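Data first, discussion second: the structure below is written as structure tokens.
Hydrogens, waters and symmetry mates are skipped; everything else that's a heavy atom, side chains included, is used. The structure displayed is predicted, hence computed values, not measured ones.
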Amino acid sequence: MSSAAISWLPGRSNHMPSCARYLSRKSLALVCLFLVSLAVRLAFCWHAGMNRSPGSPASDASDYCRYAWNLAQGNGFRGPEPGADGEVLSAYLPPGAPAFYAAFFAAFGRNYSILRVAQCFIGAATAILLYMLASAIGGEAVGWLAAVAFCFYPSAVFYTNELLTETLFVFLFMLFVWLCVARFAVRPSWGTAIPCGLVWGLATLVRPAMTSYLLFLILWGVLTLRGWRARALLLAMIAVGFAVVLPWSWRNCRLYHRFVLVTPTAWTVFIQGNNPVVANDPKYAGFCVWYTQVPGWEHKFDGVPQIEREPIAKHLGTQWLSEHRDKWGYLVRSKFIRFWSPFLHQDNRANRLIMLFSWGPVLVLFVPGFFMSLVRFWRSRSPSILIHLLIISSTLNAVIYFGLARYRYPIEPFCLILASGTAIWLWERTIHRPCPTDQTP
């Protein structure tokens, strides 16, 4: 198989001129893409306030920065945790983003501007990665269209200004998928498996949801990799990823005296999207509420540290679901709709319009592109089917937990790729149809 996966666009060719002039122009174009992406993100951060505080004291961004500052000061991975007073040694948050921020705090002090500048560079680099992945999947035209769209994509620009996990995670996620599709699947070897595993491990430390993709990653290997050696190397790749994570897990074992892979939050997050409020109040359909705000659960967690909240949350969640089986269909349906909806549930009218007119067109073009490419990739056993499996896995996660635009964002670059393929297919068959040539008898 060639290094570029088979395109799902009928009649398209992935052949590219191999002359030095083309490569020079392509390199210049990629540099321009990076610089424009960087400029757009820097301009937005400057407009929003480059050095503004990360948010309210209880916000996720504020918590990430507090953990990062303690880490930079040599106080360990310490910060706020539900059920604890003040700042404590904890694994409540995954360590990836705080460790990344701590490196800049240690070098430049508690300066939020430098964090945002770093994220702008990462966001611009992600646009280049998106071009590389989209080109491998659908050809040069798809690569350029998807990358240029991502350059100005509102959600991508917005998250570079937010001190959260999104920008760093999406970069690592995209890098992992590109390494799998364009490197490991083409030439399975230790030299390609180890980088994939290292990136998988780092991405898991940034966002533990990465572990939920494991079953689909193994399914991808069974579908697309030929020979037991290649499939064994896939397992070795996963083992390398766990080797990256396990030092953190060992630290958690010493802290909590029980095994915690990354964070002890699975069940407390689960009951935020599976409780009587979200099942009965249309305002929260498919969404979540903090579990201590659920009537009857307000005092179940008083004075209980996070690690001890998990078994309580597991009991409450499974008991409530077993007693309300009639709500299962509604919960699944509402979470699915909320996860994919272009209608942002927010009071800010400008934000709602931006989401509608950015994600809305992408969604319309993505849906036919998803099914059209899925059929072709399935028949050809193309490695590019990995992006479909990851999209399906993310959807299942939303159905299990709750739907949130922030949790959809990591797969939106894949959606941009498939939407770009659909757009080019429509362009070539409607607007840019070739003129018929005269045929002589």
- Compute the centroid of each ring, for Phe158 and then for Tyr409, and state whether the two points are separated by less than 6.0 Å. no

- Message: Are more than 12 heavy atoms, taken from residues, nucleotides or ligands other than Arg187, located less than 6.0 Å from that residue's CZ atom?
- Response: no

- Item | Short side-chain donor-acceptor distance under 3.5 Å, Tyr101 and Gln119 | yes

- Message: Counting neighbours of CG on Asp347 that are heavy atoms of other residues, nucleotides or ligands and sit closer than 6.0 Å, is the number greater than 12?
- Response: no

- Do Met210 and Leu217 have side chains that get closer than 4.5 Å, going by heavy atoms? no

- Note on the structure: Nearest heavy-atom contact between Val170 and Pro410 is CG2-CA, 3.7 Å

- Query: Is the backbone N or O of Gln346 less than 3.5 Å from a side-chain atom of Arg352, with the two atoms forming a donor-acceptor pair by type?
  - Reply: yes

- For residues Leu234 and Ile218, report the shortest heavy-atom separation together with the two atoms involved. CD2-CA, 4.0 Å

- Item | Any residue meeting side chain to side chain contact (heavy atoms under 4.5 Å, CB included) with Arg379, in chain and number order, not counting sequence neighbours | Val375

- Determine, for Trp69 and Arg66, whether the Lys NZ or Arg CZ falls below 6.0 Å from the six-membered ring centre while staying within 45 degrees of the axis. no

- Task: Please determine which of Thr265, Thr268, Thr263 meets the side chain to side chain donor-acceptor pair (under 3.5 Å) test together with Gln306.
- Result: Thr268

- Query: Going from CD1 on Ile391 to CD on Glu412, what distance comes out if it is rounded to the nearest 0.5 angstrom?
  - Reply: 10.5 Å

- Message: Working to the nearest 0.5 angstrom, can you tell me the gap between Met174 CE and Ile387 CD1?
- Response: 9.0 Å

- Task: Verify, without hydrogens or angle tests, whether Glu310 (side chain) and Ala266 (backbone) share a donor-acceptor contact under 3.5 angstrom.
- Result: yes

- Would you check if the side chain of Ser37 reaches a backbone N or O of Cys151 as a donor-acceptor pair within less than 3.5 Å? no

- Task: Measure from the ring center of Phe242 to the ring center of Trp200 and say whether it is less than 6.0 Å.
- Result: yes

- Note on the structure: Hits for ring-ring contact (aromatic ring centres under 6.0 Å, His included) against Trp220, two or more places apart or cross-chain, chain-then-number order -> none

- Check whether any side-chain heavy atom of Cys120 sits under 4.5 Å from a side-chain heavy atom of Leu38, and report yes or no. yes

- Query: Roughly how far apart are Leu363 CG and Leu356 CG, rounded to 0.5 Å?
  - Reply: 10.5 Å

- Where does the angle between the aromatic ring planes of Tyr131 and Trp144 fall among parallel (under 30°), tilted (30 to 60°) and perpendicular (over 60°)? tilted

- List in chain and number order the residues that pass side chain to side chain contact (heavy atoms under 4.5 Å, CB included) with Pro368, two or more places apart in sequence or in another chain; answer none if no residue qualifies. Thr422

- Closest heavy-atom pair, Gly273 versus Lys335, reported as atoms and distance to 0.1 Å, is O-CE, 3.3 Å

- Item | Test item: Asn275 side-chain N/O and Ile271 main-chain N/O as donor-acceptor pair under 3.5 Å | yes

- Task: Would you check if the side chain of Thr211 reaches a backbone N or O of Pro208 as a donor-acceptor pair within less than 3.5 Å?
- Result: yes

- Query: For the side chain of Arg116 and the backbone of Arg52, is there at least one donor-acceptor N/O pair under 3.5 Å apart?
  - Reply: yes

- Message: I'd like to know whether the aromatic ring centres of Tyr159 and Phe169 sit less than 6.0 Å apart in this structure.
- Response: no

- Note on the structure: Smallest heavy-atom separation, Val262 atom then Pro94 atom, equals CG1-CB, 4.0 Å

- Task: Check the pair Arg110, Tyr112 against side-chain contact (heavy atoms from CB on, under 4.5 Å), reporting the backbone distance first and the verdict last.
- Result: CA-CA 6 Å; Arg110 200 166 190 170; Tyr112 299 122; 3.5 Å; yes

- State, with a plain yes or no, whether a side-chain heavy atom of Leu133 is found less than 4.5 Å away from one of Phe414. yes

- Query: Arg231 versus Pro188: any side-chain heavy-atom pair under 4.5 Å?
  - Reply: no

- Separation between CD of Gln272 and CG of Leu404, rounded to the nearest 0.5 Å: 10.5 Å

- Query: Would you say Ser420's side chain and Leu416's backbone share a donor-acceptor pair under 3.5 angstrom?
  - Reply: yes

- Item | Side chain to side chain, Leu42 and Val117, heavy atoms closer than 4.5 Å | yes

- Task: Kindly write out the residues that satisfy side chain to side chain contact (heavy atoms under 4.5 Å, CB included) with Ala72, not counting sequence neighbours, or none if the list is empty.
- Result: Ala102, Phe105, Ala106

- Between Ser249 and Leu261 the two heavy atoms that sit nearest each other are OG-O, 2.6 Å

- Task: May I ask you to decide if Gly76's main-chain N or O and Asn70's side chain share a donor-acceptor pair within less than 3.5 Å?
- Result: no

- Query: Out of curiosity, Ser155 OG to Glu166 CD, how far, rounded to the nearest 0.5 Å?
  - Reply: 10.0 Å

- Message: Cation-pi check for Trp340 against Arg338: NZ or CZ below 6.0 Å from the six-membered ring centre and within 45 degrees of the axis, yes or no?
- Response: no

- Non-hydrogen side-chain atoms of Val206 and Phe100 separated by less than 4.5 Å: no

- Message: side-chain contact (heavy atoms from CB on, under 4.5 Å) for Tyr407 and Ser394? Distances and angles first, verdict last.
- Response: CA-CA 8 Å; Tyr407 293 164; Ser394 296; over 6 Å; no

- Message: Can you confirm whether more than 12 heavy atoms, excluding those of Tyr330, are under 6.0 Å from its OH atom?
- Response: yes

- Full working for side-chain contact (heavy atoms from CB on, under 4.5 Å) between Ile137 and Val142: CA-CA 8 Å; Ile137 292 174; Val142 174; over 6 Å; no

- Shortest non-hydrogen contact from Asn111 toward Ser113: OD1-N, 2.8 Å

- Walk me through it: do Tyr213 and Phe173 pass the test side-chain contact (heavy atoms from CB on, under 4.5 Å)? CA-CA 11 Å; Tyr213 299 126; Phe173 195 28; 3.7 Å; yes

- Message: Whether the side chain of Arg408 engages the backbone of Ser341 through a donor-acceptor N/O pair (distance < 3.5 Å, no angle test) should be reported.
- Response: yes

- Under 30°, 30 to 60°, or over 60°: which ring-plane class applies to Trp267 and Phe270, parallel, tilted or perpendicular? perpendicular

- Task: Just jot down the ring-ring contact (aromatic ring centres under 6.0 Å, His included) partners of Trp248, sequence neighbours excluded, or say none.
- Result: Phe77

- Apply ring-ring contact (aromatic ring centres under 6.0 Å, His included) to Phe370 and list each qualifying residue two or more places apart in sequence or on a separate chain. Phe366, His388

- So does Trp190 have more than 12 non-hydrogen atoms from other groups sitting under 6.0 Å from CH2? no

- Query: How about Tyr64 and Leu115: do any of their side-chain heavy atoms sit closer than 4.5 Å?
  - Reply: no

- Message: How long is the straight-line distance from CG of Leu396 back to CZ of Phe339, given to the nearest 0.5 Å?
- Response: 10.0 Å

- Using the ring-ring contact (aromatic ring centres under 6.0 Å, His included) rule, take Phe402 and Tyr284 through it: C-alpha gap first, then chi angles, then the decisive distance, then the call. CA-CA 10 Å; Phe402 49 84; Tyr284 294 103; over 10 Å; no

- Message: Can you confirm whether Phe152 sits close enough to Val157 that some side-chain heavy atom of one is under 4.5 Å from a side-chain heavy atom of the other?
- Response: no

